[in-house]
Amino acid sequence: MKEQRYIFLEDLPGMSKQLADRLRELGYTTVESVATATLAELVAAGFEEKHASEVISAARESIEITWVTARELADVKTSIGRITTGSARLDMLLGGGVETQAITEFFGEFGTGKSQICHQLAVNVQLPVRRGGLDGAALYIDSENTFRPERIVSMARHLGLDPDEAMDRIIYSEAYTSDHQMLLIEKADKIIKEKGVKLIIVDSLTAHFRSEYLGRQMLAERQQKLNKHMHRIVRLARAFNAAAVATNQVMSKPDDIFSTSAVYPIGGHVVGHTSHNRVLLRKVSGKRVRIARLISSPYLPEGEAVFQITENGVEDVDERDR
Ligand code: GTP
Ligand code: MG
């Protein structure tokens with residue numbers, strides 16, 4: 001299989017931001033779509049003829065492998081790695097931990113442990129495979145300024161990892177707006193490769209989108225952007241055999257008499273369809289115990305798992321504590 005693939009328009013040879021933007025305006029949003037463009041179309045879009053033909057062939061070469069044998073596909077599937085959450089029960093619910101080549105979305109109300117799980121996974125991904133890690137680094141995109149290095153230190157210590165090394169292997173960026181957040185993902189491939197990132201975290205995936213796109217009339221645009229953003233995240237996860245973890249707040253809809261759960265993910269259906277595994281978190285009142293419910297997954301059965309958040313991080317519940 002081919003090693004290097006162009007993921008974004010900007011990766012194509014000689015592609016400036018302006019040209020890439022122009023292509024997107026014209027509807028060529030992916031490398032695949034450029035591969036099927038004609039010379040005349042790109043010249044009309046403002047490319048020099050020679051450059052246009054170079055870009056098209058690069059795009060075509062990049063997507064050369066469209067057909068794989070079932071056996072090759074099986075090889076790709078068996079290369080799926082898993083990261084332990086720290087709780088054996090939660091891992092079991094997820095089919096052995098958070099998987100690579102997909103998005104796992106944790107959603108729930110405030111304080112249900114979404115960010116704590118992100119911190120824990122950013123440490124756990126660094127563990128050797130025999131301990132449930134992928135011996136890799138984590139990319140941490142933080143949109144709510146809730147990342148805490150000192151929490152990484154205590155989690156790393158508990159696992160017997162060197163705290164400084166653990167912090168060195170978490171590559172952090174704060175996302176200031178939804179556009180900035182999208183840009184961070186668009187530009188992430190280089191750093192993912194350089195640092196050996198095996199886990200991409202976006203905490204929170206939806207907060208900026210929710211606060212920036214208000215009202216019914218902006219809903220369609222918001223969903224479209226969110227959809228695009230999530231597709232990019234999935235593509236990165238697939239291209240680098242990395243796990244992607246996103247968090248999503250839920251809002252209560254107490255007036256919805258038809259609802260049994262009364263919580264809805266902010267991103268609505270878009271987020272639901274693109275992400276592969278969706279896990280609803282809820283608190284058990286007054287305790288550190290949390291309940292995770294797998295809501296949808298391409299192949300895992302629905303179910304629930306109990307875990308807790310302690311000084312050490314995410315752990316199984318000791319039966320005596322319950
Ligand atoms: P929002 O981002 O507000 O939607 O919430 P969240 O789901 O991200 O919640 P978060 O992961 O921040 O969980 C917060 C909870 O984790 C706290 O209420 C504590 O119960 C627990 N927690 C966080 N830090 C610590 C810690 O250092 N020690 C212990 N024992 N628990 C902690
Ligand atoms: Mg949080």
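Indexing begins at 1, ligand by ligand and atom by atom, following the structure's order.
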query: Under 4.0 Å between a Lys/Arg side-chain N and an Asp/Glu carboxylate O for Asp21 and Lys17?
result: yes

query: So, do Lys187 and Phe8 sit near enough that their side-chain heavy atoms are less than 4.5 Å apart?
result: no

message: Under the side chain to side chain contact (heavy atoms under 4.5 Å, CB included) test against Met155, which residue among Arg157, Arg151, His158 passes?
response: Arg151

query: So do Asp203 and Phe147 actually touch side chain to side chain, heavy atoms under 4.5 Å?
result: no

- request: State whether Asp135 and Arg169 are salt-bridged, where the test is any N-O pair (Lys NZ or Arg NE/NH1/NH2 against Asp/Glu carboxylate O) under 4.0 Å.
  value: yes

query: Is any side-chain heavy atom of Phe110 less than 4.5 Å from a side-chain heavy atom of Gln249?
result: no

statement: Result, protein N, O or S atoms below 2.8 Å from the Mg ion (ligand 2), excl. waters, equals 1

message: I want to check something: taking the side chain as every heavy atom from C-beta on, are Val306 and Glu304 in contact at a cut-off of under 4.5 Å?
response: no

message: Counting C-beta onward and ignoring hydrogens, is there a side-chain heavy-atom pair between Leu134 and Leu199 closer than 4.5 Å?
response: no

task: Give the C-alpha distance, both sets of side-chain angles, the deciding distance and a yes or no for side-chain contact (heavy atoms from CB on, under 4.5 Å) between Thr177 and Glu212.
output: CA-CA 8 Å; Thr177 63; Glu212 291 167 29; 3.6 Å; yes

Pairs under 3.5 Å, nitrogen or oxygen of ligand 1 with protein nitrogen or oxygen:
| unit_1 | atom_1 | unit_2 | atom_2 | d |
| --- | --- | --- | --- | --- |
| ligand 1 | 4 (O) | Lys114 | NZ | 2.7 |
| ligand 1 | 5 (O) | Gly111 | N | 2.8 |
| ligand 1 | 7 (O) | Thr112 | N | 3.2 |
| ligand 1 | 7 (O) | Thr112 | OG1 | 3.4 |
| ligand 1 | 7 (O) | Gly113 | N | 3.1 |
| ligand 1 | 7 (O) | Lys114 | N | 2.9 |
| ligand 1 | 7 (O) | Lys114 | NZ | 2.8 |
| ligand 1 | 8 (O) | Ser115 | N | 2.9 |
| ligand 1 | 8 (O) | Ser115 | OG | 2.8 |
| ligand 1 | 9 (O) | Gly111 | N | 3.4 |
| ligand 1 | 9 (O) | Gly113 | N | 3.3 |
| ligand 1 | 11 (O) | Lys114 | N | 3.3 |
| ligand 1 | 11 (O) | Ser115 | N | 3.0 |
| ligand 1 | 11 (O) | Gln116 | N | 2.8 |
| ligand 1 | 20 (O) | Arg290 | NH2 | 3.3 |
| ligand 1 | 24 (N) | Gln116 | NE2 | 3.4 |
| ligand 1 | 27 (O) | Arg151 | NE | 3.4 |
| ligand 1 | 27 (O) | Arg151 | NH1 | 3.4 |
| ligand 1 | 28 (N) | Glu311 | OE2 | 3.0 |
| ligand 1 | 30 (N) | Glu311 | N | 3.3 |
| ligand 1 | 30 (N) | Glu311 | OE2 | 3.2 |

